[in-house]
Amino acid sequence: MDDATRRNLALFPIGIVQRLTDLTARQIRYYEQNELIHPERTDGNQRLFSFNDVERLLEIKSLIDKGLNIAGIKAMIHKNEPGHTGAIQRPEVTPELTDSQLHELLMREISEGQDYPGVRTSMIQGELSRFFHKS
DNA sequence: GTTCTAACA
DNA sequence: TGTTAGAA
């Protein structure tokens, strides 16, 4: 049995995952509804999570702390290519950013946790929802 | 005892 | 998101 297989084995119930991630069962179930995770089901319809699921939940938790909404997190998970090597040029003091530029900027801030001159992190929440719809 | 779904003084 | 009710 290889590592990948082992990591995807559905092993623990929500109770264990709850402690492993410091998330509430409510949140875990909520994230599943929004398709951020896809735990397996067994017995009488009870969820069984794998190590991968747990890691994903930890990642989701950190993104939530950064102020992202479900839509934003979905985008991050799908485009899991964390560090952009650096082919992106940041607009100095640009009052008007194109959607493309703003998107790249936000992705950088989110993955690097840093701010760029003239762009406040607090704008992430609002601008992100402008990209990946509102809720 | 634990987890599930659905719903909200 | 918290929390609770009722069932499995």
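Not measured: the values here are computed from a predicted model. Here is the naming used below: chain letters follow the sequence lines, and residue numbers restart at 1 for every chain. Basis for what follows: all heavy atoms, side chains included, without hydrogens, waters or symmetry-related copies.
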Atom [atom1] of [X] and atom [atom2] of [N]: how far apart are they, to the nearest Å?
{"X": "A:Asn34", "N": "C:dT1", "atom1": "CG", "atom2": "C1'", "result": "13 Å"}
{"X": "A:Ile64", "N": "C:dT1", "atom1": "CD1", "atom2": "P", "result": "5 Å"}
{"X": "A:Ile28", "N": "C:dT3", "atom1": "CD1", "atom2": "C1'", "result": "16 Å"}
{"X": "A:Lys61", "N": "C:dT1", "atom1": "NZ", "atom2": "P", "result": "12 Å"}
{"X": "A:Phe49", "N": "B:dT2", "atom1": "CZ", "atom2": "C1'", "result": "13 Å"}

Quick one: do A:Ser62 and A:Asp65 satisfy side-chain hydrogen bond (donor to acceptor under 3.5 Å, both in side chains)? Show the steps, please.
CA-CA 5 Å; A:Ser62 75; A:Asp65 288 331; over 6 Å; no

Using a 3.5 Å cut-off on both pairing distances, which stems of three or more Watson-Crick or G-U pairs include DNA chain C?
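Only these stems qualify: B:2-8 with C:2-8.
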
With a 3.5 Å distance limit and no angle check, can you tell me whether A:Asn34 reaches the backbone of A:Leu36 through a side-chain donor-acceptor pair?
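No; zero donor-acceptor contacts below 3.5 Å.
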
Measure from the side-chain N and O atoms of A:Asn45 to the backbone N and O of A:Arg41, and report whether any donor-acceptor pair falls under 3.5 Å.
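Between the backbone of A:Arg41 and the side chain of A:Asn45 there is no qualifying donor-acceptor contact (under 3.5 Å).
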
Taking the side chain of A:Asn45 as heavy atoms from C-beta outward, which of C:dG2, B:dC4, C:dT1 is closest to it?
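Nearest to the side chain of A:Asn45 among the choices is B:dC4.
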
Please tell me if [X] has a side-chain N or O lying less than 4.0 Å from either OP1 or OP2 of [N].
{"X": "A:Arg41", "N": "C:dA8", "answer": "no"}
{"X": "A:Gln46", "N": "B:dC4", "answer": "no"}
{"X": "A:Tyr30", "N": "B:dC4", "answer": "no"}

Heavy-atom closest contact ([X] atom, [Y] atom, distance):
{"X": "A:Pro39", "Y": "A:Glu32", "answer": "CG-OE2, 3.5 Å"}
{"X": "A:Thr21", "Y": "A:Leu58", "answer": "CA-CD2, 3.9 Å"}
{"X": "A:Leu63", "Y": "A:Met76", "answer": "CD1-CB, 3.9 Å"}
{"X": "A:Leu48", "Y": "A:Pro13", "answer": "CD2-N, 4.0 Å"}

Close side-chain approach of A:Asp53 to A:Phe12, heavy-atom, < 4.5 Å
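A:Asp53 vs A:Phe12: side chains apart.
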
What I want to check is whether an N or O donor and acceptor connect the side chain of A:Arg26 with the base of C:dT3 at under 3.5 Å.
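Flag set: donor-acceptor pair detected.
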
Using side-chain contact (heavy atoms from CB on, under 4.5 Å), reason through A:Ile16 and A:Val54 one step at a time and then give a plain yes or no.
CA-CA 10 Å; A:Ile16 301 298; A:Val54 174; over 6 Å; no

Does A:Arg29 reach a base, just sugar-phosphate, or nothing at all? Heavy atoms under 4.0 Å.
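If one applies the 4.0 Å heavy-atom cut-off, A:Arg29 turns out to touch a base.
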
Please list, in numerical order, the residues of residues 10-17 of chain A that have a heavy atom closer than 4.0 Å to any atom of DNA chain C.
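Residues of residues 10-17 of chain A that come under 4.0 Å of DNA chain C do not exist, since none gets that close.
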
If you find the nucleotide of DNA chain C closest to A:Tyr31 and the one closest to A:Gly44, which residue's nucleotide is nearer the 5' end?
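With A:Tyr31 and A:Gly44 compared, the 5'-side residue is A:Tyr31.
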
